[in-house]
Visitor: 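Let me begin by handing over the structure; questions about it come next.
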Amino acid sequence: LAVGHLVGALISPSASPLLAVGGSAIDLTPTWLKDFAVRTFGNYDKVVLLSGMIAVIAVIGVVAGLMCRRSRTPGLVLIVVLGVIAGVAVLTRPTAGSFDVLAPLAALITSAGTFAFLHRLASSPETGEHPETGDSAPAGTGSARVPRRTLLAGSAVVAAGAGIAAAAGQLVAGRSGVEASRQAVAQIIPAVPAPPIPPGADFAADGSPTFITPNRDFYRVDVNLTLPRLRAEEWRLRIHGMVDRETTLSFSDPTKRTLIERPLTMTCVSNEIGGPYISTANFTGVLLADILAEAGVQRGADQTFTTSVDGWTCGSPTAALTDPSRKAMLVIAMNGEPLPIEHGFPVRMVVPGLYGFVSGTKWITDLELTTFAARQAYWLQRGWSQRAPIKTMSRIDSPGPFERVSPDTPITGIAWAQSRGIDKVEVRIDHGAWQPAELSTEVSVDTWRMFRLRGRWAPGAHVRSEERRVGKEGRSRWSP
Ligand SMILES: Nc1nc2c(c(=O)[nH]1)N[C@H]1C(S)=C(S)[C@@H](COP(=O)(O)O)O[C@H]1N2
Ligand SMILES: [Mo]
């Protein structure tokens, strides 16, 4: 596995057998299981998946070892079976190239060779285990101890070799030049900068989030076990399908256009009540409405189907991208710096008012005008909605669950209804009367709004509930 990972790192991020099998597992996971994993492990879901895979392979290895006391055939068969699974996983990744197969092949050959070598050491007549009978030689006899030591030494050398290969693989993968390419991007200065965030835009001193989320704290959701490696100078965006003029953009293209910067709140549909998958940043980019107008969208192209460099796909309603008041963007910078790699470097899409899975394509490389009838994107194939406008929601941030606070601690939180805006938030304690909360200064209808309720609370345990009301949309309520 380690050798396969190293060879894979030299070829492409998805060629590593371990990562390819993990990626396929993510794509094949039924939605209920994926929801369970996100709910239970949160941002650690990928670590849990990879650790689980390694644990399963270790158990298979132990079982195989026990089966090979008499003959090495079961072990070799198992290696070939695992090798074929890895080969199939690698070759069926959406971005697989023909060289990718070298990684699982290297893993298979190395595994077979290593296994044969260790099996010979283990079954040489002087070792403790006798291959014919499986009996142990009497402990402490000189003839048994020395070869057993040889076997242990052989295993240690193999383990060390694997460790070095795995570490080298990680090192090579990390040195792909993407961070260097990101550092080399000249400072991105928007022609139309975002207005300064007004005082009173958050209640951070009383426990709400800060209005702008620093990049390192911005929530991250994607199906990637490894980050794609796409350098700015290699980036191309092909615009095609139901358009009058096909075009291909390169990275110098957006930087030459009028760059606008604006604060937007992004949200993930997988965010649970009280959950963390919501953040706000100042995004800099170009308006998709302009780019699509240049390409000339043909009548009937109701879906804009975008693909990222690793093959993930996304279907957005074209009307939301061409509507100039919506201000959907191709984004190249976030909070004043080039997009962080995990947030889509070099270019991503952001559309206010739509959940990320139908609008937020990171590492975008292909944009096709088509119809909803013609193509189904990644999450639609897995049972999620075709059109996914962000719903009105809220979250109480402070006091936290089971927190002990003084009786006059303010209750603070956030409410959001991107593209419509928040008019009012009401809070109630236990099952008392609804009380209107104070709202933070509104920055735009596309960003979250903070609320705060001051008062003096009676000692003891309380439950909190809140109500949001947004324009014409009416009320919705729950008790988190
Ligand atoms: N290439 C790619 N883009 C993607 C995704 C993905 O899995 N792959 N996930 C989407 C989802 S579900 C969300 S909510 C947003 C999250 O963007 P962020 O990680 O920058 O917060 O990215 C979207 N873009
Ligand atoms: Mo999402």
Side-chain angles (χ1 to χ4, degrees), residues 13-14 19 22-27 29 31 34-35 37-39 42-43 45-46 49 93-95 178 209 212-230 235 237 263-272 275-285 304-316 328-335 337-367 377-391 393 416 418 447-448:
S14 56
L19 299 179
S24 304
I26 292 177
D27 293 349
T29 301
T31 303
K34 178 239 159 206
D35 290 348
V38 168
R39 214 165 34 240
N43 276 329
D45 52 353
K46 288 161 191 171
L49 173 69
R93 295 312 292 149
T95 50
V178 179
I212 294 289
T213 314
N215 285 353
R216 64 174 181 284
D217 298 333
F218 201 97
Y219 86 90
R220 175 185 164 198
V221 170
D222 50 55
V223 298
N224 298 71
L225 278 177
T226 42
L227 291 171
R229 299 181 219 151
L230 187 56
W235 180 79
L237 177 65
L264 295 171
T265 298
M266 285 190 62
T267 322
C268 179
V269 72
S270 297
N271 194 44
E272 304 235 307
Y277 295 152
I278 173 162
S279 307
T280 301
N282 275 317
F283 289 101
T284 301
T304 301
F305 195 87
T306 48
T307 309
S308 78
V309 68
D310 60 351
W312 186 83
T313 56
C314 172
S316 320
M329 291 202 283
L330 275 185
V331 163
I332 57 172
M334 183 172 170
N335 290 334
E337 49 174 283
L339 273 179
I341 296 169
E342 64 271 27
H343 294 295
F345 180 81
V347 184
R348 77 171 307 169
M349 208 165 94
V350 173
V351 186
L354 301 182
Y355 283 118
F357 81 101
V358 294
S359 70
T361 313
K362 307 194 262 192
W363 318 290
I364 186 173
T365 54
D366 192 281
L367 187 154
Y378 187 93
W379 284 115
L380 184 60
Q381 290 168 19
R382 288 161 181 77
W384 290 80
S385 306
Q386 188 170 70
R387 287 162 196 266
I390 293 176
K391 293 189 175 173
M393 281 179 65
W416 63 93
Q418 291 95 311
T447 49
W448 55 16

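As the structure lists them, so they are numbered: ligands from 1, and atoms in each ligand from 1. Bear in mind that the values here come from a model prediction, so they are computed numbers and not experimental data.
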Visitor: My understanding is that only one of Thr313, Thr307, Thr306, Thr304 makes a side-chain hydrogen bond (donor to acceptor under 3.5 Å, both in side chains) with Thr361; could you say which?
Guide: Thr306

Visitor: Which residue and atom name correspond to the protein heavy atom nearest atom 21 (O) of ligand 1, and how close is it?
Guide: Tyr219 O, 2.6 Å

Visitor: Are the charged groups of Arg93 and Asp310 less than 4.0 angstrom apart, N to O?
Guide: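 Salt bridge flag = no for Asp310 with Arg93.
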
Visitor: Which atom names give the shortest non-hydrogen contact between Asp366 and Leu237, and what distance separates them?
Guide: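 In terms of heavy atoms, the two residues are closest at N-CD1, 3.4 Å.
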
Visitor: Donor-acceptor pair, Asn335 side chain versus Thr213 backbone, under 3.5 Å?
Guide: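 Confirmed, Asn335 side chain pairs with Thr213 backbone.
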
Visitor: May I ask which of Asn215, Thr306, Val221, Thr361 has a heavy atom nearer to atom 9 (N) of ligand 1 than the others do?
Guide: Val221

Visitor: If you measure every N or O of Phe357 against every N or O of ligand 1, does any of those distances drop under 3.5 Å?
Guide: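 In this structure, Phe357 places no N or O atom under 3.5 Å from an N or O of ligand 1.
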
Visitor: Ligand 1 versus Phe218, non-hydrogen atoms closer than 4.0 Å: side chain, backbone, both, neither?
Guide: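 Within the 4.0 Å criterion, Phe218 contacts ligand 1 through side-chain atoms alone.
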
Visitor: Are any of the N/O atoms on Asp222, whether in the backbone or the side chain, positioned under 3.5 angstrom from an N/O atom of ligand 1?
Guide: no

Visitor: Applying the side-chain hydrogen bond (donor to acceptor under 3.5 Å, both in side chains) criterion to Gln418, which one of Thr447, Thr280, Thr267, Thr265 satisfies it?
Guide: Thr267

Visitor: Any atoms of ligand 1 less than 4.0 Å from a non-hydrogen atom of Cys268? List them with their elements.
Guide: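 Contacts of ligand 1 toward Cys268, numbered from 1: 14 (S).
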
Visitor: Counting heavy atoms only, which part of Trp363 comes closer than 4.0 Å to ligand 1: side chain, backbone, both or neither?
Guide: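 Answer for Trp363: side chain.
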
Visitor: Is the terminal nitrogen or CZ of Arg382 (NZ for Lys, CZ for Arg) located under 6.0 angstrom from the six-membered ring centre of Tyr378 and within 45° of that ring's axis?
Guide: yes

Visitor: Quick check: does any side chain N or O of Asn215 sit under 3.5 Å from a backbone N or O of Met334, one acting as donor and the other as acceptor?
Guide: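 Checked: pair present.
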
Visitor: With nothing but distance in play, are any N or O atoms of Arg348 less than 3.5 Å from an N or O of ligand 1?
Guide: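 Between Arg348 and ligand 1 (N or O atoms, distance only) the closest approach is under 3.5 Å.
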
Visitor: Can you tell which of Met266, His343, Lys362 gets a heavy atom nearest to atom 19 (O) of ligand 1?
Guide: Lys362

Visitor: Could you find the nearest protein heavy atom to atom 1 (N) of ligand 1 and give me its residue, atom name and distance?
Guide: Ser308 OG, 3.0 Å

Visitor: Considering only protein heavy atoms, which is closest to atom 24 (N) of ligand 1, and at what distance to one decimal place?
Guide: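 Looking only at protein heavy atoms, the one closest to atom 24 (N) of ligand 1 is Gly360 O, 2.9 Å.
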
Visitor: Could you tell me which non-hydrogen atom of Lys362 sits nearest to which non-hydrogen atom of Asp222, and how far apart they are?
Guide: NZ-OD2, 2.9 Å

Visitor: With a 4.0 Å cut-off on heavy atoms, is Met349 in contact with ligand 1?
Guide: no

Visitor: Does Trp312 approach ligand 1 within less than 4.0 angstrom via side chain, backbone, both or neither, non-hydrogen atoms only?
Guide: side chain

Visitor: Between Trp384 and Lys34, what is the shortest heavy-atom contact and its length?
Guide: CZ2-NZ, 4.2 Å

